[in-house]
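These notes are about the structure you will find just below.
First listed ligand is number 1; within each ligand, the first listed atom is number 1. Just so you know, residue 1 is the first one in the sequence shown, and it goes up from there.
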Amino acid sequence: MRVLLTGSSGFIGSHVAEALECEVVPADLRTGVDVRDGAALDRLLPGVDAVIHQAAKVGLGVDVADLPDYASVNAYGTATLLAAMARHGVGRLVLASSMVVYGEGAYDCPRHGRVRPGPRRLEDLAEGLFDPRCPLCGSVLSPSVIAEDAPLDPRNAYATTKLTQEHLAANWARETGGTAVALRYHNVYGPRMPRNTPYAGVASIFLSALLSGRPPQVFEDGGQRRDFVHVRDVARANVLALGAGTAGALTAYNIASGTPHTVGDLAAALAAHIGGPDPVTTGAYRLGDVRHIVASPARAVADLGFTAGISFEDGMKEFALR
Ligand code: UD1
């Protein structure tokens, strides 16, 4: 099998390249290929059996000045790639998507069961009440796990363009009979994670602080829950996804460890491995942040045969010490 891998020099893409045991055709800005360049794709796609599409503008963006770039790289880039795949009869796509397509996580109200909270209230955040409230009765909600059929609610440019990629891929699959698999990554961490950029995730921010002798700044009360999944597990999920899916449709999978941890746990684990300083819980909050988002990994287990193999303890130790 021959696989075109976009974003092959990036954080996740470089691990996917290492995990693939077949011929890999790399397509990356660093190899001189922009996914928005249909003519460049035309030169690479002949003889390719499947595309793994990791190239993207990532992170949450800085401000609205970033909007054209997100739309161009993520939406237009994917559209260009799909059109080129159709020209060359490439019938299989694995797409890097994200848990950010869900917006908030899943929550249960003691009176109303499963509900979808709106954005958290400023007054609540200012008083240190960080858990969202029931939109019907105002009760504080308890977090649950989110499955792939949950309503989608992208809340920023990155999330919107990741969901657009899924929609474009579904459209391509319907029109061409191709098979599309979207992998909704949870919080990916591990070797080569981008550092010191506005787009860095929390694990990398905490590690950078510790390595320069500063305490990690834990926002809110540190109780916000995430699923930290190791990049080598994510790479393996991509390889498994090459054999999954349904012709003519897009199927989405949560790619997560299945074992949630709090941001406070994360700071404590990294600080312990580096030997301090101890994390500081600041009570500060970012308005756009999701409180808890924890995945159900059940569909990926059932269909892809994917179970994360690297525990939080082992993965964080390696991440801190290498
Ligand atoms: C992150 C990514 C998002 C990606 C998703 C899934 C970023 C900025 N966000 O979303 O693009 O799709 O994972 O892989 O890369 N926090 C602190 N202290 C800090 C920084 C953050 O306590 O110094 C807290 C935040 O308040 C939040 C949590 O850590 O509660 C996670 O933050 P972050 O990693 O930035 O974003 P996610 O929402 O998890």
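Atoms of ligand 1 found under 4.0 Å from any heavy atom of Val218 (numbered from 1 in listed order, with element): 22 (O). Which parts of ligand 1 touch Val263 is read off a 4.0 Å heavy-atom cut-off, strictly below it: atoms 22 (O), 28 (C), 29 (O). Numbered from 1 in the order shown, with element, the atoms of ligand 1 that lie under 4.0 Å from a heavy atom of Gly201 read 15 (O), 34 (O). For ligand 1, the atoms lying closer than 4.0 Å to a non-hydrogen atom of Met99 are 5 (C), 6 (C), 10 (O), 13 (O), 39 (O). Remark: ligand 1 atoms within the under-4.0 Å shell around heavy atoms of His186 are 6 (C), 14 (O). For ligand 1 and Asp289, the ligand atoms under 4.0 Å from any heavy atom of the residue are 25 (C), 26 (O), 27 (C). Under a 4.0 Å criterion applied to the non-hydrogen atoms of Val100, ligand 1 contributes the atoms 12 (O).
Counting heavy atoms from C-beta outward, Val101 and Pro154 have side chains that stay 4.5 Å or more apart. With contacts defined as side-chain heavy-atom distances shorter than 4.5 Å, the pair Leu122/Tyr285 qualifies. Two residues are said to be in side-chain contact when any heavy atoms from C-beta on lie closer than 4.5 Å; Asp289 and Arg120 meet this criterion. Contact annotation: the side chain of Leu29 approaches that of Asp34 to within less than 4.5 Å [non-hydrogen atoms, C-beta and beyond].
At a heavy-atom distance under 4.0 Å, only side-chain atoms of Gln224, from C-beta outward, approach ligand 1. Only side-chain heavy atoms of Arg286 come within less than 4.0 Å of ligand 1; its backbone N, CA, C and O stay farther off. Contact annotation for Val202 and ligand 1: heavy atoms of both the backbone and the side chain come within less than 4.0 Å of the ligand.
Considering backbone and side-chain atoms together, Asn187 places an N or O closer than 3.5 Å to an N or O of ligand 1. Considering backbone and side-chain N/O atoms, Phe219 comes within less than 3.5 Å of an N/O atom of ligand 1.
Heavy atoms of Val58 come nearer than 4.0 angstrom to ligand 1 in no pair at all. Heavy-atom separations between Tyr285 and ligand 1 are all 4.0 Å or longer. Distances from ligand 1 to the non-hydrogen atoms of Ala200 include at least one value under 4.0 Å.
When only non-hydrogen protein atoms are considered, atom 11 (O) of ligand 1 lies nearest to Tyr158 CE2, 3.5 Å. Scanning the protein heavy atoms around atom 12 (O) of ligand 1, the nearest turns out to be Ser98 OG, 2.7 Å. In terms of protein heavy-atom proximity, atom 9 (N) of ligand 1 is nearest to Leu60 CG, 3.9 Å. Of the protein's non-hydrogen atoms, Tyr199 O, 3.2 Å is the one closest to atom 15 (O) of ligand 1. If you check which protein heavy atom lies closest to atom 18 (N) of ligand 1, you get Gln217 O, 2.8 Å.
Proximity of atom 2 (C) of ligand 1 to the protein is not indicated, since no non-hydrogen protein atom lies closer than 4.0 angstrom.
Using a 30° and 60° split on the angle between ring planes, His292 and Tyr107 fall in the tilted class, from 30° to 60°.
Judged by distance alone, the side chains of Asp227 and Ser257 do bring a donor and an acceptor atom under 3.5 Å apart.
Nearest heavy-atom pair, Val115 versus Cys134, reported as atom, atom and distance to 0.1 Å: CG1-SG, 4.2 Å. Of all non-hydrogen atoms in Ala267 and Phe206, the two that sit nearest each other are CB-CE1, 3.6 Å.
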Phe228/His186 under ring-ring contact (aromatic ring centres under 6.0 Å, His included): CA gap, chis, key distance, verdict = CA-CA 7 Å; Phe228 297 97; His186 284 252; over 10 Å; no
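Evaluated for a salt bridge (charged side-chain N to carboxylate O under 4.0 Å, His left out) with Glu220, the options Arg225, Arg286, Arg291 yield exactly one hit, Arg291.
Considering each of Arg226, His292, Glu220, the one bringing a non-hydrogen atom nearest atom 27 (C) of ligand 1 is Arg226.
Under 4.0 Å is where a charged nitrogen must lie from a carboxylate oxygen, and between Asp314 and Lys317 no such pair does. Using a 4.0 Å cut-off between charged side-chain N and carboxylate O, Glu166 and Arg184 make a salt bridge.
In the hydrophobic cluster analysis, where Ile, Leu, Val, Met, Phe, Trp and Tyr join through side-chain heavy atoms closer than 4.5 angstrom, Val188 is grouped together with Met193.
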